[in-house]
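Since the structure comes first, as structure tokens, the remarks are kept for the end.
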Amino acid sequence: HVRLVESGGGLVQAGGSLRLSCARSGRTLSSYTMSWFRHAPGKEREFVAAISRSGGSTYYADSVKGRFTISRDNTENTVDLQKNSLKPEDTAVYYCAGRTSGYYSSSLNEWEIWGQGTQVTVSS
């Protein structure tokens, strides 16, 4: 059963930064388009960012554009999300996801593999 593992969550003050990482133990991620979603209390899980298989194309939700950066290292089998200028509304559980299609989608139902999530809390 394919599983992704997220790390790097925690508590940070508003304006601070965090870097999340997603890994797939023992198997390559290079054949997957990868993404990050988040799930805040009382809200539906929402798309945050995605990156193509090669890393040459990235996509962002408007709410994080200019503050978050998604990247990947296919030799290390990791996908990272650098989060700067964090706001209290960024508080959520962050999930990484992957799909074998070469196209990204903001719909969570289009993603085939998921991690368990990592909590990010931004205090005001």
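These numbers were taken from a predicted model, which means no experiment stands behind them. Side chains included, hydrogens not; waters and symmetry mates left out as well; all remaining heavy atoms used.
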Considering all heavy atoms, the nearest Ser35-Phe47 contact: CB-CE1, 4.4 Å
Parallel, tilted or perpendicular, as decided by the 30° and 60° cut-offs, for the rings of Phe68 and Tyr94: tilted
Closest heavy-atom pair and its distance - Thr33, Ser101: OG1-O, 2.7 Å
Distance-only polar pair, side chains of Ser71 and Asp80, donor-acceptor under 3.5 Å: no
Any side-chain donor near an acceptor of the partner, Ser107 and Ser105, under 3.5 Å: no
Within-4.5 Å side-chain heavy-atom neighbours: Tyr60 and Arg67: no
side-chain hydrogen bond (donor to acceptor under 3.5 Å, both in side chains) partners for Thr100, two or more places apart: Glu112
Validation row: Thr78, Leu29 side chains within 4.5 angstrom (heavy atoms): no
Close side-chain approach of Val93 to Arg38, heavy-atom, < 4.5 Å: no
side-chain hydrogen bond (donor to acceptor under 3.5 Å, both in side chains) involving Gln82 - partner list, sequence neighbours excluded: Arg19, Asn84
Minimum side-chain heavy-atom gap Tyr104-Ile51 below 4.5 Å: no
For the student: nearest non-hydrogen atoms of Tyr32 and Arg24, plus distance: CE1-NH1, 2.8 Å
Residues, nucleotides or ligands: over 12 heavy atoms within 6.0 Å of Lys65 NZ: yes
Heavy-atom side-chain proximity of Thr121 to Val12 below 4.5 angstrom: no
Arg72 side-chain N/O to Glu76 backbone N/O, donor-acceptor pair under 3.5 Å: no
Minimum side-chain heavy-atom gap Val122-Gln13 below 4.5 Å: no
Validation row: Glu44, His39 side chains within 4.5 angstrom (heavy atoms): no
Residue from Ile70, Leu4, Asn77 passing side-chain contact (heavy atoms from CB on, under 4.5 Å) with Cys22: Leu4
Note, Arg45 side chain near Trp114 side chain (heavy atom, < 4.5 Å): yes
Summary of side-chain hydrogen bond (donor to acceptor under 3.5 Å, both in side chains) pairs that have at least one residue in residues 50-59, sequence neighbours excluded: none
Side chain to side chain contact (heavy atoms under 4.5 Å, CB included) assessment of Glu6 paired with Trp36: CA-CA 10 Å; Glu6 302 95 339; Trp36 288 91; 3.8 Å; yes
